[in-house]
Structures are given as C-alpha cells and as structure tokens.
2 protein chains.
Amino acid sequence: MRAQDVQDILERLCNLLRMEMRQFGLKFGLQPVQIEALTYLTQCNRYSDTPQAVTEYLGLTKGTVSQSLKLLDQKGLLRKRQDKKDKRIVHLAPTAKGRKLIEQSIPAKGLEAALKMSHSLKGSGLEEGLRSTLHAMQRHNNRKTFAACHTCRFNQKLSEGFLCGLTNEPLSKQEIHMICREHEYAV
Amino acid sequence: MRAQDVQDILERLCNLLRMEMRQFGLKFGLQPVQIEALTYLTQCNRYSDTPQAVTEYLGLTKGTVSQSLKLLDQKGLLRKRQDKKDKRIVHLAPTAKGRKLIEQSIPAKGLEAALKMSHSLKGSGLEEGLRSTLHAMQRHNNRKTFAACHTCRFNQKLSEGFLCGLTNEPLSKQEIHMICREHEYAV
DNA sequence: TACTTTGGTATCGAATCGATACTAAATACA
DNA sequence: TGTATTTAGTATCGATTCGATACCAAAGTA
C-alpha cells in the first residue's frame with residue numbers, strides 16, 4: 001500500500017465532507033467552522049466545554065474562536081455560563097435549537113449512508129486502520145488526542161461507575177463516552 | 001461497527017490534516033484552500049487544469065476560486081495559458097516553484113509518517129475501505145469522482161498505450177494516473 | 001503586595017467566500 | 001445567416017474567517 005494513495009483518498013474524503021458541511025450550513029447562515037464548533041460542543045464533557053478547549057480542538061487562535069462563538073451565541077445556538085469556582089472560565093452549552101441543528105447535519109447523514117452502502121465493511125479493519133492512523137498523526141504532530149474517557153489512561157473502573165484519575169472526580173456511564181481535552185492514550 | 005464512530009474519527013483526521021496544512025501554508029503566506037488548489041493542479045490531467053475544474057473540485061463558486069487562482073498567479077506559483085482552440089478556456093500549470101512547494105507540504109509528510117507507524121496496515125483493508133466509502137459518498141451526493149483515468153469506464157487499453165473513449169484521444173502511461181474531471185466509475 | 005500566568009474579549013487588516021453583475025467566446029436554433 | 005443562449009472566466013461588494021496584537025479580569029506565585 002502506498003501512503004500517497006491513502007493520503008489522496010483521505011484528502012478527497014475530507015474535501016467532500018467539508019463541501020457537504022458548507023452546503024448544509026448555508027441554509028442556516030452558518031460557516032463550516034461554526035458547525036464544527038457546535039458539533040464539538042454536543043460531544044464534549046464538562047471539562048472541555050470552554051472557548052479555550054474549542055480553540056485547541058479546531059487548531060485556531062483564541063481570538064478567532066471567540067468571534068465564532070459570539071456569533072453562535074447571538075444566533076441562539078448556544079448559551080454561555082460563568083464557572084462557579086474560577087470566574088475567568090466560561091462554559092458553553094448548545095441550546096435545544098443548536099442540538100437539533102447538529103442532528104440534522106447532512107455530512108453525518110451522507111457519510112452514514114455511504115458507510116451502509118459499502119458492503120465489505122464488517123471486519124474490514126477500516127475503523128481500526130483509521131484510528132491508528134489518527135493516533136499516529138496526533139503523536140507525530142504533538143497534538144492533543146481529544147478522545148473519549150473510556151479510552152483514556154486516567155479513567156478507572158470502579159465497582160459503581162468510573163473515576164477520572166486526573167481530576168479525581170467520578171464519571172457516569174454516559175460521561176465516559178464524551179470527548180475530553182485532557183485525554184491521553186496509554187503509553 | 002457504528003457509522004458514528006467512523007465518522008468521528010474521520011472528522012478528527014480531517015481537522016488534523018487541515019491544521020497541519022494551515023500551519024504549513026502560514027510560512028509561505030498561503031491559505032489552506034490555495035494549497036489544495038495548487039496540489040490539485042500538480043495531479044490533474046490536461047482536460048482538468050482549468051479554473052472551472054478547480055471550482056468543481058473544491059466545491060466553491062467560480063468567483064471565489066478565480067480570486068484564489070489570481071493570488072497564486074501573482075505569487076509566481078502557477079502560470080495561465082489560453083487554450084488554442086477554445087479561447088474562453090484558461091489552462092493552469094504550476095511553476096517549478098509551485099511544484100517544489102507542494103512537494104514539501106507537511107500534511108503529506110505527517111500522514112506518511114503516521115501510516116508507516118501504523119503496524120497493522122498491510123492487508124488491513126484501510127485503503128479499500130476508504131475508497132469504497134469515498135465512492136459511496138460521491139454517489140450519494142451526486143458529486144464528480146475526480147479520480148485517475150486508469151479506473152475510468154472511458155479508458156481503453158490499446159496495443160500501444162491507452163485511449164480515452166470520451167475524447168477519443170490517446171493517453172500516455174503517465175497520463176492515466178492523473179486526476180480527470182470527466183472520470184466515471186463503471187456502473 | 002507586586003509579578004506572572006491564564007481565560008477570554010475587542011479591534012484591525014488581509015483573505016475567504018457567496019452573490020451578483022459583467023465580458024467574451026462558443027453554441028443553438030430558427 | 002443572424003439572434004439568443006450557454007459557457008468560461010473576471011470583477012466587485014458585503015459578511016465572515018483568521019492571525020496578530022492589545023487589552024481586561026481573575027487566579028496563582030513569590
């Protein structure tokens with residue numbers, strides 16, 4: 001297998017996803033980056049719902065992201081809430097309207113249909129191959145992993161529920177499937 | 001395999017590729033979209049090196065693309081040439097400087113390294129899985145395929161070289177590996 | 001108490017991008 | 001043949017993205 005071939009397909013697929021996202025966003029007056037931010041906010045846990053986390057996730061500067069979030073706020077797609085303990089921190093939560101919009105997102109539907117149409121998927125190793133590629137690229141570029149707690153080295157199984165070894169806080173069964181900005185794979 | 005999982009990984013991978021591309025482009029004062037256009041122009045065949053083709057490839061509007069191409073021209077990364085027969089058409093060719101820049105592109109290097117680090121790649125079906133996913137998505141969204149002639153239903157093997165059944169023109173061994181805007185898979 | 005760090009916002013200039021209007025060449029058609 | 005339509009591309013405008021910089025407030029540190 002030539003790396004170049006995989007790369008070409010991957011880049012084409014990324015372009016296609018972005019096209020669909022752009023087309024979908026147009027109907028609501030949203031830019032691709034705004035949809036990405038809102039999508040992230042529907043998937044992240046309570047440690048990771050801040051402007052700073054979105055900034056790291058998107059790989060942009062905080063000023064840029066601040067602007068986009070302001071727009072999403074003005075459109076009533078998310079609401080801001082100050083942190084109780086640290087008053088510098090802002091928590092972002094998608095509104096019902098925001099969640100509904102992301103659920104309808106066409107890229108999701110398009111890809112889902114595409115995956116269903118591919119016959120040879122079960123046991124094809126596509127998911128595993130993609131995952132290890134992503135993992136390797138994140139290591140290679142020293143990027144945060146932004147994955148769910150259930151694959152994190154800090155996550156501990158308790159008799160009742162789970163515990164994050166970093167924050168020493170209990171995690172529910174739902175929470176361990178959400179994206180965390182502090183996520184680290186085991187070495 | 002859940003489609004949602006694959007989608008999340010794919011979107012994360014796309015974000016990562018875009019981040020690296022942005023970071024790389026910054027050093028040369030280039031935007032991600034400009035790098036993508038220039039990359040395409042190093043890979044496409046002689047039917048597909050026009051502003052219109054780039055527009056279709058990127059999924060943007062022709063006005064937008066026209067601007068970006070103008071900038072790449074001003075930076076000396078490509079040159080424009082009027083078509084001999086149809087005087088409306090402009091052909092775009094990357095300059096030596098443009099080609100060199102794309103060869104250095106970090107996304108490529110980063111991904112290549114990532115793929116090499118993944119051990120379980122040979123026979124993992126990653127490439128095949130990605131290809132069928134891309135193919136299915138293109139069909140689902142009625143997008144052009146933008147693939148190389150050697151996988152095209154119009155391409156015919158001759159005793160000496162190849163023939164494009166659409167244009168009825170001969171194709172060289174090199175040409176059938178370049179991206180064509182008229183490409184169609186067999187039904 | 002002063003200094004530094006951190007999280008976030010505001011503002012500016014360059015660029016993207018869609019929409020629209022426009023030119024020029026090729027094509028259709030009557 | 002002559003007029004209308006289509007096609008390829010450019011130009012311009014306004015909204016938005018984005019990086020850079022400056023700034024503010026809260027938290028941490030010495």
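So that the names make sense, note that chain A is the first sequence line, chain B the second, and so on, each numbered from 1.
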Inset, instruction - Can you label the angle between the B:Phe146 ring and the B:Tyr57 ring as parallel, tilted or perpendicular, going by 30° and 60°? - result: perpendicular

Inset, instruction - Determine the contact category for A:Lys87: base if any of its heavy atoms lies under 4.0 Å from a base atom, sugar-phosphate if only primed atoms, P, OP1 or OP2 are that close, otherwise nothing. - result: sugar-phosphate

Inset, instruction - Among the candidates D:dC18, C:dA10, D:dA8, find the nucleotide nearest to the side-chain atoms of B:Arg88. - result: D:dA8

Legend entry - Distance test, side-chain N/O of B:Ser66 to OP1/OP2 of D:dG9, below 4.0 Å: no

Inset, instruction - Classify the side-chain pair A:Thr151/A:His183 by whether it contains a donor and acceptor separated by less than 3.5 Å. - result: yes

Inset, instruction - Compare the minimum distances between each of C:dT16, D:dC18, C:dG8 and the side chain of B:Arg22, then state the nucleotide with the smallest one. - result: D:dC18

Legend entry - Pairwise 5' ranking along DNA chain D for A:Arg18 and A:Asp86, keeping only the more 5' one: A:Arg18

Inset, instruction - Give A:Gln67 one of three labels, base, sugar-phosphate or nothing, depending on what nucleic acid heavy atoms sit under 4.0 Å from its own. - result: base

Inset, instruction - Give a yes/no answer on whether the side chain of A:Lys80 brings an N or O atom under 4.0 Å of OP1 or OP2 in C:dT9. - result: yes

Legend entry - Test item: A:Arg12 and B:Gln138 side chains (from C-beta on) under 4.5 Å apart, heavy atoms: yes

Inset, instruction - For A:Gln82, answer base if it contacts any base atom (sugar-phosphate contacts may also be present), sugar-phosphate if it contacts only those atoms, and nothing otherwise; contact means non-hydrogen atoms under 4.0 Å. - result: nothing

Legend entry - Lys/Arg N to Asp/Glu carboxylate O, B:Arg99 vs B:Glu103, below 4.0 Å: no

Legend entry - Of A:Gly63 and A:Lys85, the one whose closest DNA chain D nucleotide lies more 5': A:Gly63

